[in-house]
Amino acid sequence: MSERNNPVFVALDTPDLSEALRLADLLVPHIGGFKVGLEFLTANGPGGLRRFVELGRPVFADVKFHDIPNTVAGASRALASQNIAYFNVHALGGAAMMCAAREAIADIDHRPKLLAVTILTSLVGADLVEVGMQGNAREQVIRLARLAQSCGLDGVVCSPEEIEAVREACGSGFLIVTPGVRPEGSALADQRRVKTPKEALRAGADILVVGRPITTAPDPAEAARTLCA
């Protein structure tokens, strides 16, 4: 479970700082943390990120760094200095890149947890074939999770469908952060490998990232309360 024993991190994937902060004010009492992604960070930069850190909840910076090791190391160190709780890199960047990110943040006070993105929740088997990857999504996720663990990362981001397999492969101390969580009856939108919050927790997830089912609800605070309950 995440801080405050609430595993729900709300995804505020909007470039509009005012709207993001409006939602955050409504949701702070009901959720475990915030996830801010590329839309928000590209529009608002470190200053916008600090506004969320100041709210007093853990912040997951969903940046998915994927570049040469030296570049990712520099970017990781800069980001990790912002008092965030979690950030991520792409496992497909390879072992040298993941190790460089881990080493770059090793001596930072209160360093954030470093996660590896495995296979995006919008992708299924046919998509992997298109980009030349062999095997199904589950096989790829397990392979990448083991690689990330061998590089000393703290955990992975994977779809709900792979939670149990990753837990079995990597053990109880390895963090599993799960997007693609949808309350029963919610629209899937662009997510394709999904489960309900209860199913994801029972499978062994540590943090559930939930966006539109909360942020686009008529009453976001009530949606958050209901989902957490």
Side-chain angles (χ1 to χ4, degrees), residues 1-7 9-12 20 24 28 31-118 120 141-158 166-167 169-179 204-209:
M1 298 284 258
S2 64
E3 283 93 325
R4 295 179 176 269
N5 294 318
N6 187 331
F9 275 44
V10 172
L12 296 174
V28 158
I31 51 90
F34 295 105
K35 191 219 79 165
V36 293
L38 291 177
E39 287 182 72
F40 178 87
L41 292 167
T42 302
N44 299 290
L49 185 59
R50 280 194 293 273
R51 297 289 297 275
F52 275 90
V53 172
E54 290 166 359
L55 293 173
R57 288 289 187 275
V59 174
F60 168 25
D62 183 20
V63 290
K64 301 183 181 75
F65 289 147
H66 187 174
D67 212 312
I68 62 172
N70 187 64
T71 297
V72 169
S76 296
R77 187 168 183 84
L79 182 62
S81 301
Q82 302 296 315
N83 293 317
I84 57 174
Y86 307 88
F87 77 101
N88 55 8
V89 299
H90 258 295
L92 288 170
M97 186 205 77
M98 287 191 283
C99 289
R102 185 205 72 226
E103 292 165 4
I105 68 171
D107 63 349
I108 290 178
D109 291 338
H110 310 294
R111 78 160 183 88
K113 301 290 187 182
L114 177 57
L115 309 169
V117 176
T118 53
L120 300 176
V141 168
I142 295 170
R143 179 176 58 81
L144 292 170
R146 285 175 169 152
L147 179 63
Q149 187 175 45
S150 74
C151 293
L153 273 65
D154 298 293
V156 291
V157 180
C158 69
V166 171
R167 183 62 69 215
C170 298
S172 60
F174 199 58
L175 286 172
I176 299 177
V177 177
T178 307
D206 295 295
I207 292 173
L208 311 180
V209 176

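Worth saying up front: this structure is predicted, and the values here are computed from it rather than measured.
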| said: Checking Lys113 now: which residues fulfil salt bridge (Lys or Arg N to Asp or Glu O under 4.0 Å) with it, not counting sequence neighbours? | reply: none
| What pairs meet the salt bridge (charged side-chain N to carboxylate O under 4.0 Å, His left out) rule with one or both residues in residues 86-101, with sequence neighbours excluded? | none
| Just wondering, do Leu153 and Leu115 contact through their side chains at under 4.5 Å, heavy atoms? | no
| field | Residues which pass side chain to side chain contact (heavy atoms under 4.5 Å, CB included) with Thr71, listed by chain and number, not counting sequence neighbours | value | Asp67, Ile68
| Should Val177 and Val209 be marked as a side chain to side chain contact (heavy atoms under 4.5 Å, CB included) after you check the CA-CA gap, both sets of side-chain angles, and the distance that decides it? | CA-CA 7 Å; Val177 177; Val209 176; 3.7 Å; yes
| said: The criterion is side chain to side chain contact (heavy atoms under 4.5 Å, CB included); which residues satisfy it with Ala80, sequence neighbours excluded? | reply: Phe87, Ile105, Ile108, Pro112
| message | Going by the rule side chain to side chain donor-acceptor pair (under 3.5 Å), which residues pair with Arg143 if we only count those two or more places apart in sequence or in a different chain? | response | Gln140
| Distance (rounded to the nearest 0.5 Å) between Ile31 CD1 and Leu208 CG | 12.0 Å
| remark: Residues at least two apart in sequence or cross-chain that pass side chain to side chain donor-acceptor pair (under 3.5 Å) with Asp62, listed by chain then number, are Lys35, Lys64, Asn88
Kindly list each side-chain donor-acceptor pair under 3.5 angstrom involving residues 45-52, sequence neighbours excluded, with atom names and distances?
{"residue": "Arg50", "atom": "NH1", "partner": "Gln82", "partner atom": "OE1", "Å": "3.4"}

| query | Would you say the side chain of Val157 lies within less than 4.5 Å of the side chain of Thr118, judging by non-hydrogen atoms? | reply | no
| Pairwise ring-ring contact (aromatic ring centres under 6.0 Å, His included) hits with a residue in residues 93-117, at least two apart | none
| request: Name all pairs fulfilling the salt bridge (charged side-chain N to carboxylate O under 4.0 Å, His left out) condition that reach into residues 88-112, sequence neighbours left out, sorted by first residue then second. | output: Arg77-Asp107, Arg111-Asp154
| query | Would you call Val117 and Phe65 a side-chain contact if the rule is heavy atoms closer than 4.5 Å? | reply | no
| request: With sequence neighbours excluded, tell me which residues meet side chain to side chain contact (heavy atoms under 4.5 Å, CB included) with Ala43. | output: Pro15
| query | Sequence neighbours excluded, which residues qualify as side chain to side chain contact (heavy atoms under 4.5 Å, CB included) partners of Ala91? | reply | Met98, Ala116, Leu144
| task | Output yes when a side-chain donor or acceptor of Arg57 lies under 3.5 Å from a complementary backbone atom of Val28, and no otherwise. | result | yes
| said: When you compare the side chain of Leu175 with that of Tyr86, does any pair of heavy atoms fall below 4.5 Å? | reply: yes
| said: Please give me the minimum heavy-atom distance between Phe174 and Arg167, naming the atom from each residue. | reply: O-NH1, 2.5 Å
